[in-house]
Amino acid sequence: MGKYFGTSGIREIFNEKLTPDLALSVGKALGTYLDGGTVVIGKDTRTSGDVIKSAVISGLLSTGVDVIDIGMAPTPLTGFAIKLYGADAGVTITASHNPPEYNGIKVWQANGMAYTPEMEIELEAIMDSGNFKKAPWNEIGTLRRADPREEYINEALKFVKLENSYTVVLDSGNGAGSIVSPYLQREMGNRVISLNSHPSGFFVRELEPNAKSLSALAKTVKAMKADVGIAHDGDADRIGVVDDEGNFVEYEVMLSLISGYMLRKFGKGKIVTTVDAGFALDDYVKPLGGEVIRTRVGDVAVAEELARYGGIFGGEPSGTWIIPQWNLTPDGIFAGALVLEMIDRLGPISELAKEVPRYVTLRAKIPCPNEKKAKAMEIIAREALKTFDYEGLIDIDGIRIENSDWWILFRPSGTEPIMRITLEAHTEEKAKELMEKAKRLVKKAISEA
Ligand code: MG
């Protein structure tokens, strides 16, 4: 991780670490790095969005780069607009699922993929050097505004088609997805009931879609006898799903189902996922001709592997899905359209989910100050063998130890001061036992770090 950029761009509390000055510096550095061309910029619904966006725009224009400001826009709309306008890069002003006092800056490549850590380090070097390109008065970049929503919806409708109409409850979490996702679902011919769709920057529910944060969505699906519930995080690069019986569908199950659907739709091929994904995916997609490749956590790693291997689908167990036939930007809105197409072709999710093998996945978050993370991980690596009897260790991202019937991943969050534990086992009892041991190990490591 770099000095300013974490695993998903810059993400900090507004006016603490993320100041207008820092945003200006990012704009100037990106403009210097690009040395001409055009950048698309959009923001999510956070109250600090205009402050940060204006500063980034100002920096870009000062270097002679042209800017297309698409205003409030979910991340996937910005990714789409980069390609639509033939831009050289994109910027999203978003803190994704973080609380409302946070904001962030994430930079995207011309092909819709996020900037790689290497590219971010180059930007940081320019920021620290202060050697920004300075355009003379008559070569300053031009600023124009655009709204690509209609093009996005029309293009998506060419990819995804329904034979029947469904009732969809859509919970945008007061995020930027609210200005696109319900409209796409309606244009597909569905009856849409919107929840938390006022894009105010004041969030009614926790932004991370999970069983707890989506309890209102689950109740509404049940009460309205809807066919499905769909939810997004703050910038709608992610999707959470509630089935036709009003139950939150575990991420691992949804990842298996959609991977299977993509294999049916596009034929056999590679499915790219991350080191925190469980065994179910492999077991579910194998009979459908799918081969699973695991990579580092984060959408940029998934996008890179998709581009490298020509995979047919990429997804993280966080509900971040990349559909390469559409774009290399993670897209929770297009994902929602695909989920409806899957229901249309294969049947209700409550039925489909029964075919996905179930193992027990447990996750835990342990508070850990950022400055202690590296030392704590060293201690965990050193002590793991004393605590667990494992056969393999993968350290491409965090530490994953595994046996034939269980695995545990220890990984510091790149965006929050926490240590994550993810584990999977064949039985509830075994999973709980492993989690107890894992928590003790992590707490001990943090206290000694
Ligand atoms: Mg997000």
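All ligand and atom numbering here is 1-based and tracks the order in the structure. Atom set for the values below is all heavy atoms of this structure, side chains included, hydrogens, waters and symmetry mates excluded. The structure presented is a predicted model; accordingly, all values stated were derived computationally and were not measured.
To the nearest 10 degrees, the angle centred on the Mg ion (ligand 1) between OG in Ser96 and OD2 in Asp233 reads 90°.
Classification of Glu187 and Arg149 as a salt-bridged pair fails, no side-chain N sitting under 4.0 Å from a carboxylate O. Between Arg420 and Asp276 there is no salt bridge, since none of the side-chain N atoms of the basic residue sits less than 4.0 Å from a carboxylate O of the acidic one. Remark: Arg363 does not engage Glu208 in a salt bridge, criterion side-chain N to carboxylate O under 4.0 Å. The existence of a salt bridge linking Lys106 and Asp44 is excluded, since no basic side-chain nitrogen approaches an acidic carboxylate oxygen closer than 4.0 Å.
Restricting Asp237 to its N/O/S atoms, the shortest distance to the Mg ion (ligand 1) is reached by OD1. In Asp235, the N, O or S atom that comes nearest to the Mg ion (ligand 1) is OD1.
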